[in-house]
Amino acid sequence: MKNKFLEKVAEQIADERSRKLITAELESHLLDKIDYYVDIGYSKEEAEKRATEEMGNPEDTAVPLNSLHHKKHRAVPIIICACLLLLMFIFSYKFFTDFHYTLSSLAFSHRIWLDFISLGYVVAYPVMLIYAHKKNEKIIPVLVVISFCLQLIAPSVEEASSGLSNDEPLNMVCVYQPFFYSVIKIFAEGFPAYLKCIFTAAPARYSVLGNFCYEIMPYIFCAIFILWSTILFFNILRKEQMTNTKSGNLYLKIFEKAMTIIIVLNLIIVSCSTAFVGIKNLVSNNTYSSKKQEMIDYVFDTNLKNNLSNLADSIENDGYYLYEKSFDEDEKYCDYYDIGGSFVLRSSTYENDDGKDGIYTSLTYYDTYSHTYDNTPEILSDANKIKNIDIGTSFDYIKNSDLLKYADIIEKTYYEDKKETEIIINFSVDVYDKDISIENNYSCFRELTIKNGVVTNSNYW
């Protein structure tokens, strides 16, 4: 027979054979009660309603019976959860400094894949806890509590300590910082700013909201999940002992609904925004390599004799994301980011050859990604071409040689007092072969100084 009470009980019996036996037995009891009420004059519908009410709460009925009919294969989902939590912990421990968005901006930058991994972490815990609530598996919330406790007390990694922007020790709670990146960008800078930053390596900007979300919210998240797991554990325990669980169920429903809303909204925003920007970049061929070349050409073509404020506005109007701007008396600078790297526009004083103060304006391109190249004939040939660039080589040859893809820094500087423009190009070709020892791998690093269209200084190591 079809009955909501029997269906809810069946949902919470894990073992299929036990489920059939239990529901069959309960159905027999239910039918007996229905027959009794029909015999004393109730209609069949009213008899079924009264009989079902007498059977009680389906959860209170199902959990103890489920516990009595516990089968070995019920350990499979628990083992899966335990393995998932262990893998998450190992991955976090190995790469957790990458997730720490409040580290030095010189070394750590935003990555969209970190946002998704962090989001995946936050999704995994509610899924496990909601499953545990539905199936009344009290071991899963215990595993979740252990997981968060380990993250909170995990020792910091020595190598990462030097990168901290403050004196606080690292722990693995920072893996939840990227989860808040979209929230911080949208609320602090607006949705267009977030769209610009999805595929850039722009560091997380400091703000009151950002500091709270990055530094405090991960701990609040941990506390929420620990509290949620604890309530769930005792709720399942009370069900098994057939005691009242209404209060616990209310808190659990609040936790589940609140966390589901928060996570789903974030998932929709991040996924849709990333898909939109990704498709837009694909259609316009706005890739890392094409954008890098565009940014390099932008440095070469920019007239640094123009007013600094106009230059700054022009770069921003051309679609580059303005990360930071400071027009102090001693030094003026602006930082910009895009898919292909970053710009720094700077103006300050310097001491010239006569010992007097001069003013310079510079625009510097930085490749914000580190690269290691495979040991192929093409790469080795390009590395040798870079190595052979010497004093007197024309600037046009370098521009047309397709070697600028290996440049990690290009700085163009205009000296007002000397009316002179200087370009410095840093090439970096780090070649790696897994079959060769690190000491024997080929690398080429070269710095070129260009004036009046030719190389005037060339250093390599």
**Q.** Between OH on residue Tyr219 and CD1 on residue Ile224, distance to nearest 0.5 Å
**A.** 15.0 Å
**Q.** Nearest heavy-atom neighbours spanning Ala132 and Leu232
**A.** CB-CD2, 3.9 Å
Q: Spell out, as yes or no, whether a donor-acceptor pair under 3.5 Å connects the side chain of Ser118 to the backbone of Val175.
A: yes
(Q) Looking only at the side chains, is there a donor atom on one of Glu294 and Ser290 sitting less than 3.5 Å from an acceptor on the other? (A) no
Q | Minimal non-hydrogen separation, Ile450 against Ile398, with atom names | A | CD1-CD1, 4.1 Å
Q. Once you round to the nearest 0.5 Å, how far does OG of Ser314 lie from CG of Leu345?
A. 10.0 Å
Q: Decide yes or no on side-chain contact (heavy atoms from CB on, under 4.5 Å) for Thr260 and Lys257, but give the supporting numbers first.
A: CA-CA 5 Å; Thr260 301; Lys257 288 181 180 179; 5.8 Å; no
(Q) Are the side chains of Arg446 and Leu448 in contact, using a 4.5 Å heavy-atom criterion? (A) yes
Q.
I need the Glu411 CD to Tyr366 OH distance, nearest 0.5 Å.
A. 6.0 Å
Q.
Taking side-chain contact (heavy atoms from CB on, under 4.5 Å) as the definition, give me every residue that meets it alongside Val183, ordered by chain and number, with sequence neighbours left out.
A. Phe187, Asn266
Q: Identify the two heavy atoms, one from Ser229 and one from Val145, that lie closest to each other, and give their separation to 0.1 Å.
A: CB-CG2, 3.4 Å
Q: Provide the closest heavy-atom pair for Thr368 versus Ser342 in the form atom of the first, atom of the second, distance.
A: CG2-OG, 3.7 Å
(Q) For Ser394 and Asp396: C-alpha separation, side-chain torsions, deciding distance, then whether side chain to side chain donor-acceptor pair (under 3.5 Å) applies. (A) CA-CA 5 Å; Ser394 72; Asp396 288 337; 5.6 Å; no
Q) Less than 4.5 Å apart, any side-chain heavy atom of Trp228 and any of Val144? A) no
Q) In chain order, what residues pass the side-chain contact (heavy atoms from CB on, under 4.5 Å) check against Ile139, with sequence neighbours excluded? A) Ile78, Leu143
Q: Classify the angle between the aromatic ring planes of Tyr337 and Tyr323 as parallel (below 30°), tilted (30 to 60°) or perpendicular (above 60°).
A: perpendicular
Q) Can you list every ring pair (Phe, Tyr, Trp, His ring centres under 6.0 Å) pair that touches residues 267-288, not counting sequence neighbours? A) Tyr288-Tyr369, Tyr288-His371
Q. Do the side chains of Thr421 and Leu304 get nearer than 4.5 Å, heavy atoms only?
A. no
Q: Give a yes or no on whether the backbone of Asn310 and the side-chain of Asn307 come within a donor-acceptor separation of less than 3.5 Å.
A: yes
Q. Is there side-chain contact between Val122 and Tyr176, with heavy atoms separated by less than 4.5 Å?
A. yes
Q. Once the angle between the rings of Phe343 and Tyr320 is folded into 0 to 90°, is it parallel (under 30°), tilted (30 to 60°) or perpendicular (over 60°)?
A. perpendicular
(Q) For Lys325, is the NZ atom crowded, meaning more than 12 foreign heavy atoms sit under 6.0 Å from it? (A) yes
Q.
To check you understand the geometry: which heavy-atom pair defines the closest contact between Thr274 and Val270, and what is its length?
A. OG1-O, 2.6 Å
Q. Tyr365 side chain to Gly340 main-chain N or O, any donor-acceptor pair under 3.5 Å?
A. yes
Q.
Any heavy-atom pair between the side chains of Ile409 and Ile424 that's under 4.5 Å?
A. no
Q: Applying side chain to side chain donor-acceptor pair (under 3.5 Å), run through Gln151 and Ser147 and close with a yes or a no.
A: CA-CA 6 Å; Gln151 292 172 44; Ser147 175; 3.2 Å; yes
Q.
Determine whether Asn281 and Thr287 satisfy the following criterion, side-chain contact (heavy atoms from CB on, under 4.5 Å), listing intermediate values before the conclusion.
A. CA-CA 7 Å; Asn281 289 340; Thr287 62; over 6 Å; no
Q) Between Tyr333 and Ser348, is a side chain to side chain donor-acceptor pair (under 3.5 Å) present by the stated rule, with each step listed? A) CA-CA 9 Å; Tyr333 69 89; Ser348 186; over 6 Å; no
Q | Derivation and outcome, ring pair (Phe, Tyr, Trp, His ring centres under 6.0 Å), residues Phe95 and Phe91 | A | CA-CA 6 Å; Phe95 298 105; Phe91 184 86; 4.9 Å; yes
Q. Got Asp297 and Val299 here, is their nearest side-chain heavy-atom distance under 4.5 Å?
A. no
Q) Is the NZ atom of Lys305 crowded by more than 12 outside heavy atoms at less than 6.0 Å? A) no
Q: Without swapping roles, check the side chain of Arg346 against the backbone of Tyr360 for a donor-acceptor pair under 3.5 Å.
A: no
Q: Please lay out, stage by stage, how Ser92 and Phe99 fare under the test side-chain contact (heavy atoms from CB on, under 4.5 Å).
A: CA-CA 9 Å; Ser92 301; Phe99 290 90; 5.8 Å; no
Q) Would you say the side chain of Ser347 lies within less than 4.5 Å of the side chain of Phe327, judging by non-hydrogen atoms? A) no
Q) Asp115 pairs by side chain to side chain contact (heavy atoms under 4.5 Å, CB included) with which of Phe180, Phe179, Tyr181? A) Tyr181
Q: Please find out if less than 6.0 Å separates the ring center of Tyr125 from that of Phe225.
A: yes
Q.
For Lys292, is there an ion pair with Asp367 - N to carboxylate O distance below 4.0 angstrom?
A. yes
Q) Do Asp98 and Leu114 come within less than 4.5 Å of each other through their side chains, counting heavy atoms only? A) yes
(Q) For Tyr321 and Glu189, which I'm curious about, is there any donor-acceptor pair between the side chains at under 3.5 Å? (A) yes
(Q) If I take atom CD1 from residue Ile130 and atom NZ from residue Lys135, how far apart are they, to the nearest 0.5 angstrom? (A) 14.0 Å
**Q.** Heavy-atom pair with the smallest gap, counting every atom of Leu152 and Ile226
**A.** CD1-CD1, 4.2 Å
Q. CD of Gln177 to CE of Met217: how many Å apart, nearest 0.5 Å?
A. 12.0 Å
Q. If you round to the nearest 0.5 Å, how far is CE of Met172 from SG of Cys222?
A. 10.0 Å
Q: For residues Tyr350 and Tyr415, establish whether the separation of their ring centroids is below 6.0 Å.
A: yes
Q.
Please tell me whether Phe427 and Tyr406 form a close aromatic pair, meaning their ring centres lie under 6.0 Å apart.
A. no
**Q.** Within the 6.0 Å centroid threshold, strictly below: Phe300 and Phe395
**A.** yes
**Q.** Salt-bridge contact Glu256-Lys253 (side-chain N to carboxylate O under 4.0 Å)
**A.** no
